[in-house]
Amino acid sequence: MKFMKAMVRRDMIHLPSLLLLLATMGGGIGGVSAQTSGKLHLQIDPANSFSYKLDHHFTIQQTDLELLEGPHHFSFWAPQRKVVDTTVTITGGEDRIIQVRLPYSTEYLVYQRDLRSYEKRMRVMRLLPATVTGGALIFTGIKYANMKKAHDRLETDADAYDNATFPYAITVLKEEVIPGHIDEFEKARTAFRVSAAVTVAFAGVTTWLYLRSAKLPKPEFHDAEKVRFDGLSWMPGPNGGAWTGGLTWNFTR
Amino acid sequence: MKHALIPVLLSALCLAGCLKDDLDLANRTSNPLDPDYDGPALIELVSDTTRIVYADGMPTDIVVEQQVHIRTELLPSGTDYALYVTKVNTGEVYDYSNPDTTPDRAYHHVVPGVSYCYDYQLKVLFTLTKPYRYCTKANP
């Protein structure tokens, strides 16, 4: 028995040997002899994260087993998937391949739906306003560049006035060129101020939505099937329900 | 996000405030060639006289004359100019950019006690600067 304990504790590396050994010992004790074994290869979807309980006792992840002939109960489970219970009958001396595709659990599908809804709301409350604000910021930048350009023209005009070398040039500057450029500058400045005000308003709305969205609870996935698989289950009832669990102890160990 | 908004707001306010229309046309009168020039006089009156002209010991004419000085240091270097004088009392014009213009622009046969005025301007590239008017009261 000490040898069996050691084998179980070492991550089921020698599980087929263990099972075979158990079967042999059981046969010896029970007086039933000449039982043969069969090999079983499991193809489970998902391939890497599944577990299963064999005959309600052993939690295993291996895909190749050697079992005594006769019916064996399997409970397959993987994260986010439903527990699938099935019984496989092993015929002595035969190799079998079992393919099981674990369906997604209802809780996971609900979680996925809630998560998509949450992400959509987040996009609406964060990404969309931020994009609009970014666009408004770029637009404001362009308006600022236009205003700066118009202002630079006025500075050029001022230099042209200071350096003018004959009266007619000054008259043209003061009566035609500069008034036109001042008008353009004022229009550009008005456009910039309007766009800056709109951008600030958008930024305020974006901040408000961002802070508001931070209070939205993110859906969390509680794998009820794992609880079921591990032995604890929720039993709904008229007054709310109750958790129930089963405890199994192997007295032969 | 709240902290990111502060620089955006400050930038917007700064950008909105830092570019002002500082080109005030009404107060831009510092170029001496500007017809609205409002600085130190470009043409200054140096002297004015009322003199009696005699011929054979007899007074034949009373003349009012003025001398002016052009402050070329106020002009951009290399400015090509000519004096342009208008006799206000008669409307006669003396354009010294024209080589045929007589240099004598004095008022002749003036009436004592009457004020005689000149408008002095510079002609630069066919256009005129601000006029400076100086008057002399005939007082022989």
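The sequence lines fix the lettering, A, B, ..., with proteins before strands; numbering per chain opens at 1. Predicted, not measured: the structure shown is a model, and the values here were computed from it.
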If contact means a heavy atom pair closer than 4.5 Å, which residues of [range] contact chain A?
range: residues 47-69 of chain B; value: none
range: residues 29-43 of chain B; value: B/Thr29, B/Ser30, B/Asn31, B/Leu33, B/Asp34, B/Pro35, B/Asp36
range: residues 113-130 of chain B; value: B/Val124, B/Leu125, B/Thr127, B/Leu128, B/Thr129

Original post:
Given A/Tyr104, which of A/Lys82, A/Glu225, A/Gln112, A/Arg81 fulfils the side-chain hydrogen bond (donor to acceptor under 3.5 Å, both in side chains) condition?
Top reply: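 When A/Lys82, A/Glu225, A/Gln112, A/Arg81 are each tested with A/Tyr104, the side-chain hydrogen bond (donor to acceptor under 3.5 Å, both in side chains) holds only for A/Arg81.
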When you compare the side chain of [Y] with that of [X], does any pair of heavy atoms fall below 4.5 Å?
X: A/Arg193; Y: A/Thr190; answer: no
X: A/Thr63; Y: A/Phe50; answer: yes
X: A/Leu102; Y: A/Asp45; answer: no
X: B/Arg133; Y: B/Val88; answer: yes

Subject >> For A/Thr140, side-chain hydrogen bond (donor to acceptor under 3.5 Å, both in side chains) partners two or more places apart >> reply: A/Thr199
In terms of heavy-atom contacts, does [atom1] of [X] have more than 12 from other residues, nucleotides or ligands at under 6.0 Å?
X: A/Arg212; atom1: CZ; result: no
X: A/Asp162; atom1: CG; result: yes
X: A/Asn48; atom1: CG; result: no

Subject >> Parallel, tilted or perpendicular, as decided by the 30° and 60° cut-offs, for the rings of A/Tyr111 and A/Tyr108 >> reply: tilted
Original post:
Do A/Lys53 and A/Phe229 meet the cation-pi criteria used here (NZ or CZ under 6.0 Å from the six-membered ring centre, within 45° of the axis)?
Top reply: yes
Original post:
B/Tyr94 ring centre to B/Arg105 NZ or CZ under 6.0 Å, with the angle to the axis within 45°?
Top reply: no
Original post:
In Å, rounded to the nearest 0.5 Å, how long is the span from NZ of A/Lys218 to CE of A/Met122?
Top reply: 8.5 Å
